[in-house]
Amino acid sequence: AIQNKNYLSISEGTMKLHYLVVAFRLLPITLGFVSQPSNGWINRSQGGQTCASSLAASTASEAEIQRNIFHDSDQPIMLIGFSGDGNELERLADTFLEENFPNKGQAVKTPNPDVIEDVLSNKIGWPDVIVVDLSKQDGDALMSTGKKLYQSGLLSVFVNVADLATEAKERQIMLENDLIANSDYELCIKNEGTSGGSEWEHIQWELSRLVARARLTPAVPGSKAPTTNTAHLTMGENTFFLSLSFPEISKVEPYVEQMCMDVDAMEYRTDLLDCRDSRFDLIYGMQLLRRYCRRHVVRVPALPFSGQVLEDVMPIVYTVRTQNQAGTYPDDDAGIAKMFDMLEWGLRGGVEVLDVESAWDKTKTDALLSLAEERYSSQILGSHHVVGQEVSSEEAVRLFQQCALDGRAHGAKVVLSIESEKKDRMAHEAALLASALAEKEGKPVIPNVSLILGDVGKFSRVVNLPFTPVTHESLPFKAAPGQMTASEIMASRVLMKIVRGRRYAILGHNIAYSVSPQMQGAAFQATGLPHQYGRADVETVEEFVNSNFFADPLFGGCSVTIPHKQSIIPYVDVMSDAATAIGSVNTLIAKEEIDGDEAKRVIYGDNTDWRGIFNPLERQLGVQEKETSEAFALILGGGGTARAAGYAATQLGLKRIYYNRTPSKAADLAETFGGKVIGSLSQEDEDGECLGSYLASEGASASNIRVV
């Protein structure tokens, strides 16, 4: 959870030039997950060979899958539906732009058919909002325009207002199938449009959240890239989701503050809700749950949007559990068909994780997964429950493979039944074997959630590290027999040394000012991890590597700051591509790996400075096409941060311009990352080596400089 807040966002304004200040980093070890870049690590002990084992796994057909067509789309969004007395659609468009894009973007209200040509010719684009309010005059013509806009590829949100006048309500019911068919997401409103206050503010927030999710980086099965939408973070080690079993979601509110303290997601058990057959009520219930949680979230991931982040979004695991799978929803043909409809409703509500039972109709499953891959950013958790019978170990492994959904699931969950406590490790061992087979066969290695039903399976919840379902001490009842609380599970893991307290520090000199120990300590406390984080203030790196702290088997890693970012490199076993290119290390990660028959410690060296620059700029600018980019980054300086900026600018596809009072340092940057060294920042000078002259020679001007 904390992993996704690793880097300081840039404060944003309306200026063409954004000035960067990289202030601090969080060591990427929270929740027990060790972050490694997806672009490879260089093993210094193997002559610089890239370590394939650290690269993100991918499927052979990954290139054939079109993932989330709305990610980085340059087209406007469309709000479509009927407004009530609260004029909901136009107000949403106005506030969406005012709060997220105060100096750009327009709301196109009551559009005429010419708007389609304006979209195709890019006269209207992101972040403009087209409002197709069918409560206005000539609603039939507007519906026709809305259909054509949707078919042209726009992200469309159906604003479903319940509180309508009789005539408008009748027309909405008549057009409901068209509204659903011509929209991807759905925002449900009761009386918030007229009541105002915090309830309306949450509706506005929900629209921002939906659009943020729609534009999120696509989730790729098996990827370990440190992004917000990676299952190895969402479902990573020592993460928990709370299983809710109330018949009405409003009954959750009294318990929310305490429940949010130690979980990473809420499971929305639709099959247990009284309103389970109503699309409007199920989507509205999710909105209500998020509203209850917003003020109390502690360890949730940040959701990037428009150069900033939403930090109060509780992730939801959306589940329709059937009777055959330890749930209550009918599993006859009609029930299964309706179950797939309900799963699509979850996608329309913008869920973070969609639980898809793996046992049902393959054609319907394929259609659902194709829809999710093409138009949504939700992660898929393939699942299967074996109720009332014991299966063989071989069958348990096969069930994990089945739940991988042919390489399309981001996580797999298998729940078994056993007859004797002697087999309480069966699910865990099957999960490990399934992961090993997937790696051997070149398939995505995904988080495998392995559990045993009932009280006899409590141990399985302790040894299962990824994404464990839990109950909470404050709740009046458990969602399932044998469920434990997150605090009970973490206490057991520490007691059994499944999770061992590791020792971390910030390595530098004259660092008494550093607040890293307080920051990292708070992160460990929030995630229930038994780690310690202190300061290693030494004049030379040799003092550190010869210390008992570094030699301690419990040494887990450290943040590295000046003056040791370069001098620590000779003591690193494996360097990330970023650290190699930048020439400095700001993060050490100690891992235990098997070498033959023995375990040995391997020290990984990484550089996350560039991520502190890249992440906020990528949210604001996107990644440019390197061959055709007309955008420049002006890099001032020649030290370690300037090298990180050069690497980040390269990854962003920005052309690089370097200036430094010591020209040789700027020349070193240009030699490493490519780009142009200039002699002055003037608009013009006699020798033609100034900023203005160079830009003119490139057919550009100062307006092409996107970041300094």
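The structure displayed is predicted, hence computed values, not measured ones. Hydrogens, waters and symmetry mates are skipped; everything else that's a heavy atom, side chains included, is used.
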Salt bridge (Lys or Arg N to Asp or Glu O under 4.0 Å) partners of E90, counting only residues at least two apart: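 Per chain and number, E90 pairs via salt bridge (Lys or Arg N to Asp or Glu O under 4.0 Å) with K136.
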Residue pair I657, L695: steps toward the side chain to side chain contact (heavy atoms under 4.5 Å, CB included) verdict: CA-CA 10 Å; I657 306 173; L695 289 172; 4.0 Å; yes
Nearest heavy-atom neighbours spanning [X] and [Y]:
X    : Y    : answer
G407 : P444 : O-CG, 4.0 Å
G640 : I582 : O-CG2, 4.1 Å
S703 : S701 : OG-OG, 2.9 Å
H410 : P221 : CD2-N, 3.6 Å
L669 : G637 : CD1-O, 3.5 Å
P517 : Y533 : CA-CD2, 3.4 Å

Atom pair [atom1]/[atom2] of [X] and [Y] - distance to nearest 0.5 Å:
X    : Y    : atom1 : atom2 : result
I80  : Y150 : CD1   : OH    : 10.5 Å
L149 : N182 : CG    : CG    : 10.0 Å
L691 : I678 : CG    : CD1   : 4.5 Å
Y571 : I603 : OH    : CD1   : 13.0 Å
F544 : S567 : CZ    : OG    : 11.0 Å
I130 : L89  : CD1   : CG    : 13.0 Å

Counterpart residues, side chain to side chain contact (heavy atoms under 4.5 Å, CB included), relative to A648 (two or more places apart):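 Testing A648 for side chain to side chain contact (heavy atoms under 4.5 Å, CB included), a comparison that skips the adjacent residues, returns W610, I613, F614.
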With side chains defined as the heavy atoms from C-beta onward, is the minimum distance between [X] and [Y] less than 4.5 Å?
X    : Y    : value
D133 : N87  : yes
T145 : V132 : no
V309 : L303 : no
V297 : V300 : yes
N229 : Q379 : yes
K565 : V585 : no
N607 : T587 : no
F158 : L187 : no

With a 4.0 Å cut-off, would you call [X] and [Y] a salt bridge?
X    : Y    : result
E698 : K655 : yes
R294 : E206 : no
D128 : K104 : no

Donor-acceptor contacts, no H, no angles, side chain residues 108-124, under 3.5 Å, sequence neighbours left out:
residue: K109; atom: NZ; partner: D94; partner atom: OD1; Å: 3.1
residue: K109; atom: NZ; partner: D94; partner atom: OD2; Å: 3.0
residue: N112; atom: OD1; partner: D114; partner atom: N; Å: 2.8
residue: S121; atom: OG; partner: E117; partner atom: O; Å: 2.9
residue: S121; atom: OG; partner: D118; partner atom: O; Å: 3.3

NZ or CZ of K591 within 45° of Y604 ring axis and under 6.0 Å: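 Geometry flag: set, cation within 6.0 Å and 45°.
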Residue pair L652, E618: steps toward the side chain to side chain contact (heavy atoms under 4.5 Å, CB included) verdict: CA-CA 7 Å; L652 288 164; E618 192 266 346; 4.0 Å; yes
Ring centers of Y376, F70 separated by less than 6.0 Å: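 Ring centroids of Y376 and F70 are no less than 6.0 Å from each other.
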Aromatic contact, F96 with W205 (centres under 6.0 Å):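 Not under 6.0 Å, so no.
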Tell me if a side-chain donor or acceptor on [X] pairs with a main-chain N or O of [Y] at a distance below 3.5 Å.
X    : Y    : value
N586 : V560 : no
Y658 : G674 : yes
H564 : V538 : yes
D74  : W126 : no
R656 : G675 : no
S680 : C690 : no
T95  : L92  : yes
H509 : I562 : no
S514 : S516 : yes
T234 : A231 : no

Under a 3.5 Å threshold, yes or no: a donor from one side chain and an acceptor from the other, between [X] and [Y]?
X    : Y    : result
E374 : N68  : no
S370 : R408 : yes
S83  : R91  : no
D606 : S576 : yes
S208 : N100 : yes

Side chain to side chain contact (heavy atoms under 4.5 Å, CB included) between V313 and E352, worked out: CA-CA 10 Å; V313 181; E352 286 75 12; 3.7 Å; yes
Side chain to side chain donor-acceptor pair (under 3.5 Å) partners for S156, two or more places apart: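 With sequence neighbours excluded, S156 shows a side chain to side chain donor-acceptor pair (under 3.5 Å) to no residue whatsoever.
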With sequence neighbours excluded, residues passing side chain to side chain donor-acceptor pair (under 3.5 Å) with Y659: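 Y659: no side chain to side chain donor-acceptor pair (under 3.5 Å) contacts found.
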Working for side chain to side chain contact (heavy atoms under 4.5 Å, CB included), residues L588 and I568: CA-CA 9 Å; L588 293 186; I568 194 65; 3.9 Å; yes
Do other residues, nucleotides or ligands put more than 12 heavy atoms under 6.0 Å from [X] [atom1]?
X    : atom1 : answer
E539 : CD    : no
L681 : CG    : yes
Q518 : CD    : yes

Name the atoms and distances for all side-chain donor-acceptor pairs under 3.5 Å in residues 210-218, with sequence neighbours left out.
residue: R213; atom: NH2; partner: S377; partner atom: O; Å: 3.2
residue: R213; atom: NH2; partner: S377; partner atom: OG; Å: 3.3
residue: R215; atom: NH1; partner: S73; partner atom: O; Å: 2.8
residue: R215; atom: NH2; partner: S73; partner atom: O; Å: 3.3

